[in-house]
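Single-structure report; data block below.
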Amino acid sequence: MSAPMATGVPEYLVRLNAEQREAVETLDGPLLVLAGAGTGKTRVLTTRFAHLLMTGRAFPGQVLAVTFTNKAAREMRERVSAILGRPAEGLWLGTFHALCARMLRRHAELVGLTSGFTILDTDDQLRLLKLVMEAGGIDLKRWPAPGLMAQIQRWKDRGVSPNRITPAEDTDYASGKARPLYAAYQARLRDLNCADFGDLMLHMVDILRDHPEVLADWHRRFRYILVDEYQDTNLVQYMWLRLLAQGHKNICCVGDDDQSIYSWRGAEIENILRFEKDFPNARVVRLESNYRSTRPILGAASGLIAHNAGRLGKTLRAGRNDADGEKVRVVSLWDSEEEARMVGERIEVAQRSGHALSEIAILVRAGFQTRAFEERLITLGVPYRVIGGLKFYERAEIRDAMAYLRVLAQPADDLAFERIVNTPKRGLGDTAMRKMHEIARAEGIPLSSAAARLAQGGITGRARAALSELLHGFARWREALPRDGHVVVAATLLDESGYTEMWKQDKSPEAPGRLENLKEFLRALGEFETLTGFLEHVALVMENDENAADDRLSLMTLHAAKGLEFDTVFLPGWEEGLFPHSRAMEEGGEKGVEEERRLAYVGLTRARKHAIVSCAANRRIYGNWSSSIPSRFLDELPLEHIEREGSAGMARNRMVEMPSVFTGAGGLLARRPKVIEAGAWEVQARPVRADAIGVGQRVFHQKFGYGRVTGVEDDKLDIAFEKAGTKRVLDRFVEKA
DNA sequence: ATTTAAGGGCTTTTT
DNA sequence: GCCCTTAAAT
């Protein structure tokens, strides 16, 4: 513990405002910190953590700190270290899933697993469930597996294992067979020594519920519990927290009911609404001083969210000295293309006046909306990045490589074996696989053993040779493992199995990138002592490098934007049906609309200085043009904080004045937005692309599709397009594919 | 056993 | 309008 400051108050506390300080210094008993957007939530959480250590209230290993994302966990670790002035070691700090996995490794045998269990990805989960359903004689046409998977996940989110399903929790899926199928699926997971994501939580809760001595052990360990984003916890996470908090009752949950946007993933906003009932004598501290946004942005966001019922109630106050600023712009446009043009032009104007692109974001409701903006940004030559998309470990090549290593580590891992047995193609098709399954089922042995049996005889020459080569390979690699180490063996394995070669032969544009990813995979493997440690890391923690080293604009969904902030934020597509989304309204009714409204609130509060909301009167959805009316959320923004502009009339009841969609493209193109600052249209000199395109690069062109660069001359490219033939185009019209 | 055709569906996705 | 999953064709 470092010496107290001369004043008696440590420096890290002095930097806090009164409410933040109360949240940090209230150490005993349950505490709920209601932290509005931009009120210093992370600072409170990390300072509180450090304070617990600095005051000697707890050793690092006695604090359990839970986040939802790896990113949040990493950030907290870094900031706690910064306050402590040394790396924070031995912490129980991580995501719900990572922490549960860590705990479950110690108690795996209590749920019929061994500590080396494998964590399945969603792909494996579904394949396994399909096998279980087929074995159960279910007609997969009539009862698609994803439906049952969703149901099982819902059960797991609610902490319901097969034996705990009450009639109220049951479903009529597949004429009431859901429950036995769930049980069979769990049994198969156990046999394969696997756990899916939901199991990590579910098993731990079951263990803590059923084994008081285990629970008591964890109570002895954890004296303080810190929880981030409490509004996003689901029931099983709540149960887990509650069980662990029973011991010392020192649980501090930080969250914001107004930012609960994941109910469709099982998050229960009731968890935070109920906190004071669940934890008697709980203190509640509200953080309401916002240090992020201007007064008009806060006013607009507050006015909007005030339309929700059943809130815990907070009022965001502007905490900045320079909080005065521009009103929120509400721009109405003729169609989605004009909307994209408007956003693009404003970005160019901002860019020319020195605004960093990395401080601008376009936040959309649904993924398909990004396309129009991407097209626009490409033609304007504005660098951007789309946040979201596939995670590192969700890429096919990484999953394949993982599967190889899983078979190496656990020959009985049927799912992994099945994935790689014919990847690369070894001439093992349906017939060979069926035979393998038959043997495995008949003998009650793993697939790989069945394959060995099959290689002795039972299939034809070519397939047989290929199969026995693979099996001999695994025997060899496994033998080499203790001698050469996992990194070397992994590299040889991917090489000798023909897997790397498969991608080298592949002519598709993604192939080089995939080989890169495999290199990255091997490099990351080198950072781990053991194979199993690495497999867990990849399953739970590994993520994309979206580090914004270069100056690019961000394009992402509103969901992906939670927790981020930008100087300027564009919020397009505020139209009934899209935002609030019709599905959300159909499925959730008024509750659904409220969650959409929270999403709008999240979007607005991402902006520090400028927020530009827009709606289009016409939008192409699923290929068809359809007209839409402005979102009800626009009417809910307080008039004094917004400024309306636009070419396409705003009032929701004046829609009749809108020209028909069918007036044709001429009228549509002739119409120019009146919303653009003067001069914005006279854009001549485009910046040269930062990412130079070379010969051989595969590229994408909006009009001509995919092609390969055959020549480069200044900013002009000769491209052999797959469909459109050879053309010469300006480099700014293509993107790397 | 791989290639091609037809069909359905389509919001968000921290782990 | 597009993309992905499953069905028949060679």
Side-chain angles (χ1 to χ4, degrees), chain A residues 66-75 94-101 119-122 125-126 130 140-141 144-146 150 153 156-157 195-202 228-229 231-234 236-237 259-267 363-372 387-394 422 424-433 460 462-463 466 536-544 556-564 573 577-588 592 595-596 598-600 602-603 619-626 705:
Chain A
V66 199
T67 65
F68 270 85
T69 64
N70 294 301
K71 196 176 157 202
R74 201 185 327 118
E75 198 177 316
T95 63
F96 277 100
H97 295 272
L99 291 166
C100 266
I119 299 166
L120 293 189
D121 61 39
T122 47
Q125 287 173 41
L126 196 61
K130 276 184 187 164
L140 286 171
K141 289 272 159 15
Q153 249 151 31
K156 291 186 176 179
D157 283 345
D196 68 17
F197 263 81
D199 282 340
L200 298 175
M201 297 297 313
L202 181 69
D228 191 14
E229 305 277 18
Q231 78 282 351
D232 287 334
T233 50
N234 61 33
V236 72
Q237 288 161 339
Q259 291 188 66
S260 165
I261 55 174
Y262 281 104
S263 76
W264 50 274
R265 264 191 109 275
L363 308 182
V364 296
R365 172 69 248 264
F368 74 84
Q369 289 174 267
T370 58
R371 202 185 185 97
I387 312 267
L390 280 188
K391 300 273 168 289
F392 188 74
Y393 62 84
E394 286 169 339
N422 199 33
K425 300 267 182 286
R426 296 188 174 88
L428 299 160
D430 285 347
T431 2
M433 287 315 295
T460 48
R462 186 170 279 270
E536 173 145 331
H537 172 80
V538 176
L540 288 174
V541 182
M542 199 124 161
E543 51 201 328
N544 296 344
M556 70 188 100
T557 63
L558 287 159
H559 283 91
K562 198 171 84 161
L564 305 177
L578 179 58
F579 193 35
H581 200 277
S582 47
R583 279 280 292 267
M585 294 187 277
E586 283 158 27
E587 286 169 19
E595 179 148 320
E596 296 284 291
R598 291 193 291 270
L599 199 49
V602 167
R619 183 174 296 277
R620 207 154 66 176
I621 295 175
Y622 310 141
N624 307 324
W625 283 98
S626 57

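Per chain, numbering begins at 1; letters A, B, ... match sequence-line order. Please read all numbers here as calculations on a predicted model, not as lab measurements.
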Legend entry - Sugar-phosphate only, base, or nothing, as touched by A/S582 at under 4.0 Å among non-hydrogen atoms: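 Counting heavy atoms under 4.0 Å across all strands, no contact is made by A/S582.
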
Inset, instruction - Quick one: label A/K156 by what it contacts on the DNA or RNA (base, sugar-phosphate, nothing), any heavy atom closer than 4.0 Å. - result: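 Since no nucleic acid heavy atom lies under 4.0 Å of A/K156, the category is nothing.
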
Legend entry - Letter per nucleotide, 5' to 3', of nucleotides 2-15 of chain B [B base touched, S only sugar-phosphate touched, - untouched; heavy atoms, 4.0 Å]: S-------BBBBBB

Can you name the nearest heavy-atom pair linking [X] to [Y], along with the distance?
X: A/D228; Y: A/A72; value: OD2-CB, 4.1 Å
X: A/A145; Y: A/K130; value: CB-CG, 3.6 Å
X: A/E596; Y: A/P580; value: OE1-CA, 3.4 Å

Legend entry - Evaluation steps, side chain to side chain contact (heavy atoms under 4.5 Å, CB included), between A/L540 and A/L200: CA-CA 11 Å; A/L540 288 174; A/L200 298 175; 3.9 Å; yes

Inset, instruction - Determine whether A/H581 and A/L599 make a side-chain contact, defined as any pair of heavy atoms from C-beta on separated by less than 4.5 Å. - result: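 Contact flag for A/H581/A/L599 side chains = no.
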
Legend entry - Sidechain N-carboxylate O distance under 4.0 Å for A/K562, A/D232: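 A/D232 and A/K562: salt-bridged.
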
Legend entry - Same-atom distance (P) from B/dT12 to C/dT5, integer angstrom: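 To the nearest whole Å, 16 Å.
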
Legend entry - B/dT12, syn or anti by chi within 90 degrees of zero: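 Base orientation: anti.
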
